[in-house]
Protein chains: 2
Amino acid sequence: MAKAHHTRFDCSPGCSVEAAIGLIDGKWKSVILFHLLDGTLRFNEIRRQIPAVTQRMLTNQLRELEADGLITRKVYAQVPPKVEYSLSPLGLTIKPILTALKAWGDENIGLYGKPKQTATDLQAASIPA
Amino acid sequence: MAKAHHTRFDCSPGCSVEAAIGLIDGKWKSVILFHLLDGTLRFNEIRRQIPAVTQRMLTNQLRELEADGLITRKVYAQVPPKVEYSLSPLGLTIKPILTALKAWGDENIGLYGKPKQTATDLQAASIPA
DNA sequence: CAGGATCCGGGCGGATACTG
DNA sequence: CAGTATCCGCCCGGATCCTG
């Protein structure tokens, strides 16, 4: 797992959840993977899709994703350099998670990063107590 | 968002993914939420479910989850103290994500935290290139 | 274009001690 | 039981400069 961001998990039932999260957390990984769902992207293309990421971090996260086998890095021997990133077969399998995240985010989060409905709102709306 | 672990996200398409992840990352949150799927738990019950977490971290993460409206904290005025944590209505809505994570983890990760099949394996198995 | 190298501060998170 | 308080090391991640 590259550098083991989560130090370690001694397994209890929820272990695989932890492990799964371990692969897609890391501040930018999920967003990167999400954008790669649309297809292959070059380095600076990803940067443009995620303006807030620094090139250092982008390189880092891409390296870790590659080390974890989630993405594939293809280098073209030419100048100026051209490097393409795409989801590996394993990476493709996390699509359900990403779309679930996206769906949930779209549903429950405003554009400001704040939950748009509070627990109380939802209580009144859907759940009968 | 409590203390804004992810500083901020200036929104591009994948923003809501980032935002969603922002709520469930934080080293232990996903596991905590996952265990709360089974129902209400007391503080030390959660600790026992997640041996690797320290009480400091557990308190932290619980506070953040509460601030984000994902869990509910119920304090019983009695001694010795009794505090129960449970998923809020909003928290319940992330169940699909958690189960997706669990499913993916169970499927693709061994008990050691390493992906059990490499990209190459999967390539040979399913995808024709 | 796609990075590598270095410097550096902030905060995440562990360990320990104390409390209502 | 369910925390709070404090100290502190580590490394995450930003900023900047350099390269094939």
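Just so we're on the same page: letters track the sequence lines, and every chain starts at 1. Computation of the quantities below employed the complete heavy-atom set of this structure, encompassing side-chain atoms and omitting hydrogens, waters and symmetry-equivalent molecules.
Rounded to an integer number of Å, the gap from CE of A/Met57 to C1' of C/dG10 is 14 Å. Atom P of nucleotide D/dA2 and atom CG of B/Asn60 are separated by 17 Å, given to the nearest angstrom. Look at CH2 on A/Trp28: it is 11 Å from C1' on D/dG13, rounded to the nearest Å. Between B/Leu58 atom CG and C/dG13 atom P the separation is 13 Å, expressed in whole Å. Atom-to-atom, OH of A/Tyr76 to P of C/dG3 comes out at 13 Å; the value is rounded to the nearest Å. Atom-to-atom, CZ of B/Arg47 to P of C/dG14 comes out at 11 Å; the value is rounded to the nearest Å. The CZ-P distance, from B/Arg63 to C/dG13, rounds to 16 Å in whole Å. One atom, NZ of B/Lys29, and another, P of C/dG13, lie 10 Å apart when rounded to the nearest Å.
Side chains of B/Leu65 and B/Asp68 form no contact here, defined as non-hydrogen atoms less than 4.5 Å apart. Contact check for A/Trp28 versus A/Leu58: no side-chain heavy atoms found under the 4.5 Å cut-off.
Between A/Thr59 and the phosphate of C/dG3, there is no side-chain N or O to OP1/OP2 separation shorter than 4.0 Å. Side-chain N/O atoms of B/Lys27 include one lying less than 4.0 angstrom from OP1 or OP2 on C/dG14. Regarding contacts with the backbone of C/dC1, every side-chain N or O of A/Tyr85 stays at 4.0 angstrom or more from both OP1 and OP2. For the pair B/Thr54 and C/dG14, the criterion of a side-chain N or O lying under 4.0 Å from OP1 or OP2 is met. In terms of phosphate contacts, A/Arg73 brings no side-chain nitrogen or oxygen within less than 4.0 Å of OP1 or OP2 of C/dA2.
Note that CD1 of A/Ile71 and CD of A/Glu64 are 10.5 Å apart. Values are rounded to the nearest 0.5 Å. Expressed to the nearest 0.5 Å, how far CG of B/Leu41 lies from CD1 of B/Ile46 amounts to 5.5 Å. One finds the CG atom of B/Leu62 at 4.5 Å from the CD1 atom of B/Ile32 (value rounded to the nearest 0.5 Å). The distance from the CZ atom of A/Arg42 to the OH atom of A/Tyr76 is 9.0 Å, given to the nearest 0.5 Å. The structure places CG of A/Leu92 at 7.5 Å from CG of A/Leu37, a figure rounded to the nearest 0.5 Å.
A salt bridge does not link B/Asp25 with B/Lys29: every distance from a Lys NZ or Arg NE/NH1/NH2 to an Asp or Glu carboxylate oxygen is 4.0 Å or more.
Between A/Arg56 and B/Lys82, the residue whose closest nucleotide on DNA chain D is further toward the 5' end is B/Lys82.
Where the helix from C/dC1-D/dG20 to C/dG20-D/dC1 starts and where it ends, the local axes point in directions that differ by 60°; five pairs per end, rounded to 10°.
Within residues 36-45 of chain A, the residues approaching DNA chain C are A/Arg42, A/Phe43, A/Asn44, by heavy-atom distance under 4.0 Å.
Listed by first and then second residue, the salt bridge (Lys or Arg N to Asp or Glu O under 4.0 Å) pairs involving residues 76-88 of chain A are A/Lys82-A/Glu84 (not counting sequence neighbours).
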